[in-house]
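Below is one structure; the comments refer to it alone.
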Amino acid sequence: MYWSRLFIPTLREDPAEAEIASHRLLLRAGYIRQLAAGVYSYLYLAHRSLRKIMEIVRQEMDAIGAQEMLLPALHPAELWQESGRWDLMGDNMFRLKDRFGRDLCLGMTHEEVMTALARGELRSYRQLPQIWYQIQTKFRDEPRPRSGLLRVRQFLMKDSYSFDLGPEGLEISYQKHYRAYCRIFHRCGLKFVAVEAHSGAMGGTESHEFMVPADAGEDSIALCTQCGYAANLEKASSRPVPPAVADPDVEAAPEEFPTPGRKTIAEVAEFTGLPESSLIKTLVMVVRGEPVLVLLRGDHALSQTKFEAAVGTSEFRPAHPDEVRQWLGADVGFVGPVGVRGIPVLADEALRGRKNMVCGANRNDYHLRHVTPGRDFQAEYRDLREVVDGDTCLRCGSRLEVKRAIEVGHIFKLGYKYSESMGLRVLNEHGREVPVIMGSYGIGLERILTAAVELYHDEDGMALPVSIAPFEAVITPVNRADESQWAAAEQLYNECRQLGLDVLLDDRDERAGVKFKDADLIGIPYRVTIGRKLAEGKVEIVERRTRATEEVALEQAAGRLQEKVRQQREWLEQQAEAAVSQPAATVG
RNA sequence: CGGGCCGUGGCGCAGCCUGGUUAGCGCGCUUGCUUGGGGUGCAAGAGGUCGUCGGUUCAAAUCCGACCGGCCCGACCA
């Protein structure tokens with residue numbers, strides 16, 4: 001392609017609204033333009049890159065026997081009502097009515113539609129297993145779209161669905177996806193980790209997320225530096241670091257003491273001179289309209305997902321200040337579990353066995369000391385605490401790290417949730433009707449691109465992996481007016497094309513600096529500079545990421561370039577192979 | 001859902017507080033010349049309902065109100 005004929009609207013200056021690197025660079029490099037909050041147009045370069053990503057995804061999905069389809073994005077409400085998710089999805093679902101007033105929605109995901117398709121067609125266990133997939137636009141009305149392409153309201157997803165006769169079959173389909181996903185992300189050049197995850201609104205039992213550690217990410221993950229344990233923070237468990245000081249070894253009853261105006265854990269700790277780990281943090285939650293006390297060590301935080309699991313519902317919220325006053329007779333900041341009647345108390349495991357701690361006295365401006373769980377109050381112990389950086393791994397005792405990460409893929413064992421609610425059954429070998437067990441598996445395609453930009457960029461722009469860059473190389477004649485340079489450039493361009501290389505020819509009548517800057521910005525992995533060295537019959541091959549420069553004879557340039565591209569691709573392929581031959585410890 | 005910030009040629013911004021000629025600047029764009037290895041220089045141009053609606057005023061980009069749009073932070077941290 002000739003650059004002068006292409007629409008690549010690069011910007012010299014950073015767009016004002018973009019904060020994170022990928023957003024800024026994708027805008028500046030002319031990959032994307034915003035249409036509305038969380039809605040983007042993918043221009044030529046982005047589309048080229050996404051096509052390459054899709055091609056990798058297709059190859060790997062096809063390789064595990066998955067069949068590509070394309071299902072509607074417009075769904076009738078009835079399907080979602082059947083699964084119970086019409087209400088569950090709430091405001092996240094785009095809803096609309098047709099001219100007859102019938103309720104419709106835009107697809108956020110396709111469990112319902114796939115299940116509906118399957119129940120109409122699958123009759124016999126002999127037809128199983130099946131893996132069906134599509135690459136399609138999904139719509140989610142996010143409460144807060146942000147960070148460029150990281151959290152958007154319309155995006156491309158590869159979603160697949162497996163149908164098996166029983167758990168063993170599902171396990172196989174799940175493993176196939178796990179490996180295919182590892183291959184896909186490696187081939188796209190991403191550094192990622194597969195983590196245990198929470199199933200959320202998808203339902204089901206087991207699930208893994210594929211996470212690319214990056215500061216711009218919106219998820220947090222816990223990683224063991226030694227044994228490979230990895231989990232979404234929502235799900236992660238750990239052994240907490242011990243309390244900063246040991247509990248006083250005395251036999252003493254709870255005793256009130258004044259703590260005027262000290263409401264927060266930090267204030268009470270400072271006032272008493274005790275570390276936060278010697279305090280009990282008391283949260284008042286409202287679960288289905290009823291109060292619940294939640295106790296944590298002062299330096300710990302409540303995990304919402306663990307709490308949700310503990311109470312068995314997502315219908316909970318922190319209590320309002322007046323509710324706290326009404327139920328406990330004191331303001332937020334001075335409440336505690338001692339003497340409380342008729343309100344269930346959930347305590348985090350980290351409080352088990354502690355003694356002589358400090359908590360609120362249920363009297364304003366007072367706390368209690370010498371409070372011993374089990375003696376001074378009763379509680380149901382659960383793991384409710386969010387893992388923090390520096391905790392100890394439950395498996396191996398090493399140190400856990402907490403990092404930000406971008407979720408690029410998520411796989412779920414759905415079990416029988418949809419087949420039972422929607423009536424997907426087949427006859428087994430005994431002629432009996434049995435529900436089909438399902439899995440669902442998603443990849444966010446633009447997130448692969450976004451994560452790659454977050455991972456691989458510098459001051460000058462992006463440096464994309466060769467497998468997903470919009471072009472493999474750009475040929476840059478330094479001086480467009482120089483006839484010999486131009487002739488050499490066209491010659492090299494044609495040779496590259498004949499070798500099957502995906503090259504861009506920068507034929508613009510611009511100064512060298514402009515062309516170099518643009519090439520750096522849009523992140524093409526290799527640039528061939530045709531300039532003053534041409535007098536000696538030589539051109540330069542420059543690697544974008546390292547700036548490593550190699551001089552080669554013009555006649556050998558195409559071959560050498562092909563070689564470099566091939567080496568890069570082979571390296572990515574080796575990563576993929578290695579990943580598959582060494583399945584992660586977290587699987588299965 | 002709570003909080004903060006921002007809407008002025010394609011992009012980045014100034015002007016607004018203290019209302020008053022023809023609304024500026026840089027980049028980009030067009031034309032010509034120039035230059036030719038990291039966003040070249042010179043010259044001449046084109047391009048703006050100042051987000052929308054309403055109000056105040058002799059007069060509104062500027063003051064007031066409502067609305068629309070966008071960005072950021074938070075949404076357990078007691």
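Just the heavy atoms: all of them, side chains too, but no hydrogens, waters or symmetry mates, feed the values below. Reminder, nothing fancy here: chain letters follow the sequence lines and each chain counts from 1.
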Note: for A:A301 and A:E13 on RNA chain B, the residue whose nearest nucleotide lies more 5' is A:E13
Neighbour count >12 (heavy atoms, 6.0 Å) for atom [atom1], [X]:
| X | atom1 | value |
| --- | --- | --- |
| A:K564 | NZ | yes |
| A:D383 | CG | yes |
| A:R317 | CZ | yes |
| A:E551 | CD | yes |

With rounding to whole Å, what would you report as the distance between [N] and [M] at their [atom1] atoms?
| N | M | atom1 | value |
| --- | --- | --- | --- |
| B:rC64 | B:rC5 | P | 14 Å |
| B:rA44 | B:rC6 | C1' | 36 Å |
| B:rG7 | B:rU52 | C1' | 11 Å |
| B:rC50 | B:rC13 | C1' | 14 Å |
| B:rG10 | B:rG28 | C1' | 7 Å |
| B:rC17 | B:rA75 | C1' | 34 Å |
| B:rC76 | B:rA14 | P | 35 Å |
| B:rA46 | B:rA66 | C1' | 37 Å |

With sugar-phosphate taken as primed atoms, P, OP1 and OP2 and all else as base, the protein-contact string of nucleotides 35-44 of chain B at under 4.0 Å (heavy atoms; B, S, -) is BBBBBB----
In 5'-to-3' order, the base (B), backbone-only (S) or no-contact (-) status of each nucleotide in nucleotides 70-75 of chain B, using a 4.0 angstrom heavy-atom cut-off, is SSSBB-
| Distance-only, no hydrogens or angles: does the A:Q485 side chain make a donor-acceptor pair with backbone N or O of A:V478 under 3.5 Å? |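 Side chain of A:Q485 to backbone of A:V478, a donor-acceptor pair under 3.5 Å: yes, one is there.
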For A:M108, is there any backbone N or O sitting under 3.5 Å from a side-chain donor or acceptor partner on A:R140? yes
Any chance the rings of A:F316 and A:F307 have centres within less than 6.0 Å?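 Yes, close enough.
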After noting the C-alpha distance and the side-chain angles of A:R480 and A:E510, does the key distance pass the salt bridge (charged side-chain N to carboxylate O under 4.0 Å, His left out) rule? CA-CA 7 Å; A:R480 180 63 180 81; A:E510 293 286 354; over 6 Å; no
Notebook entry, point to check: Looking only at side chains, do A:S22 and A:E454 share a donor and an acceptor under 3.5 Å apart?
Noted result: yes
Q.
With a 4.0 Å cut-off on N to O distance, would you call A:E349 and A:R385 a salt bridge?
A.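 No salt bridge links A:E349 with A:R385.
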Atom [atom1] of [X] to atom [atom2] of [N]: distance rounded to whole Å?
| X | N | atom1 | atom2 | result |
| --- | --- | --- | --- | --- |
| A:L233 | B:rC76 | CG | C1' | 13 Å |
| A:D299 | B:rC76 | CG | C1' | 15 Å |
| A:L295 | B:rA78 | CG | P | 16 Å |
| A:E276 | B:rA78 | CD | C1' | 12 Å |

Both distances under 3.5 Å, Watson-Crick or G-U wobble: report the partner of [N], or none.
| N | answer |
| --- | --- |
| B:rG45 | B:rC29 |
| B:rG7 | B:rC68 |
| B:rC63 | B:rG55 |
| B:rG2 | B:rC73 |

*Which residues, if any, of residues 332-368 of chain A bring a heavy atom under 4.0 Å of RNA chain B?*
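Close to the strand are A:V332, A:G333.
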- prompt: Is A:R95 close enough and on-axis enough to A:W86, meaning under 6.0 Å and within 45°, for cation-pi?
  reply: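 Ring-cation test returns yes.
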- Query: Going by the angle between their ring planes, with limits at 30° and 60°, are A:H367 and A:F257 parallel, tilted or perpendicular?
  - Reply: tilted
